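Report on the following structure.
Computed from a predicted model, the values in this text were never measured in an experiment. Labels below follow one simple rule: chain letters A, B, ... track the order of the sequence lines, proteins then strands, and each chain is numbered from 1.
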Protein chains: 2
Amino acid sequence: MELEQAKRRFIDSWGALGSQWGINRTMAQIHALLMISPDSLSMEEIMEDLSISRGNASMNLRGLMDWGIVHKEFKPGERKEYFYGEKDLDELAVKIARERSKREIKPALKVLKDVSSIDPGASSEKKYFTEQTGKLYDFVSKADNMLEKATEYKDNWLAQLVLKIMR
Amino acid sequence: MELEQAKRRFIDSWGALGSQWGINRTMAQIHALLMISPDSLSMEEIMEDLSISRGNASMNLRGLMDWGIVHKEFKPGERKEYFYGEKDLDELAVKIARERSKREIKPALKVLKDVSSIDPGASSEKKYFTEQTGKLYDFVSKADNMLEKATEYKDNWLAQLVLKIMR
DNA sequence: TTAAACTTTCAAATATTTCTGAAACTTTAT
DNA sequence: ATAAAGTTTCAGAAATATTTGAAAGTTTAA
């Protein structure tokens, strides 16, 4: 397999994977491209490589920067902005986990907390509802905490977590 | 907040959360409905409650059963099928983790393995590509293993994992 | 074997998401 | 102050994904 071919395969499948995870195809593709690019790339270069419009490139680059997994750089003497991906994979994982928690899990927890705290009263229907949503709240909350802990300690997470628990 | 209101809020937000995670809205809503329903429900009842068509209900129920998080039941003397959700949350999490690994992570790993093993040759561009995709492979692989371990031991995962590692 | 009860399938309709491209905007150099 | 170089915005177009509904298929009971 040739480089160009391998590159395409990687970018395409990363894009497809992204869509399955609720990240749009282009955003995932730009990310993939930057992950395998030794140098930072200008918007022009990204547009060219992925055959996408300027608007699309601009919006998705901004999105990636909001996630904190792509950064801007200015090259001395040049006016263009250059973009590069976060290449430290631990750091990448931490950023993604944090953002997903903030954007998706936390709001879901709020809803669960709200709906699980209606007055259960006498009705057995209500009782069941508050019970189930309450359990769900506890569970999601626990999972979110674990995720937070795991990211907090990165590679050394296990040892440190054990220490913290035992103390 | 009244029960009906709370129920709607829960179902709607679970549906919205689903879309963000690449699970379609209706599928997530059916799942939400079954999670808070003390009894199993017929397809009619689900269609009615969520105002969706028969076809939609049928396809998404099948989807949920493929994930292993909703099950069919036959009530004695009745011809209809009744559906109920997996209510053990640990079990639910395990099922979801396993399926996502199988459907999404494993295929991604295959691509990463393939593309990272092109002959790097002399070109520094190729070298960089194989290096980066190789690292990505190791990382995703490690994460997938951790997920597997975590689900293998359910709530007691930490203690058992520690034991296993120390042995 | 028939028909009623129920479920599945799938082509077409609908809804949602993403993408384009051109205009508006911003920044920098002169 | 001007214009060149670059970036952002956003309304409409295009692409995707979801949903409907009716026909086809299946199962059960008599």
Practice problem: Name the first nucleotide and the last nucleotide along DNA chain D (5' to 3') that come under 4.0 Å of a heavy atom in chain B. | Solution: D:dT18 to D:dT28

Practice problem: Decide yes or no on side chain to side chain contact (heavy atoms under 4.5 Å, CB included) for B:Ile46 and B:Met43, but give the supporting numbers first. | Solution: CA-CA 5 Å; B:Ile46 293 168; B:Met43 208 156 87; 5.5 Å; no

Donor-acceptor contact present, side-chain [X] to main-chain [Y], <3.5 Å:
X        : Y        : result
A:Asn60  : A:Asn56  : yes
A:Lys106 : A:Ser101 : no
B:Glu78  : B:Lys80  : no

Quiz item: Do the ring planes of B:Phe129 and A:Phe10 sit parallel (below 30°), tilted (30 to 60°) or perpendicular (above 60°)?
Solution: perpendicular

Exercise. In sequence, state the C-alpha distance, the side-chain angles, and the governing distance for B:Glu2 and A:Ile118, and then conclude on side chain to side chain contact (heavy atoms under 4.5 Å, CB included).
Key: CA-CA 7 Å; B:Glu2 268 321 296; A:Ile118 61 170; over 6 Å; no

Self-check item: Exercise: do A:Gln29 and A:Thr26 side chains pair donor with acceptor under 3.5 Å
Solution: no

Quiz item: What is the per-nucleotide protein-contact pattern of nucleotides 17-30 of chain C, from the 5' end, where B denotes a base atom under 4.0 Å from a protein heavy atom, S denotes such proximity for sugar-phosphate atoms only, and - denotes neither?
Solution: -SSBB-----BB--

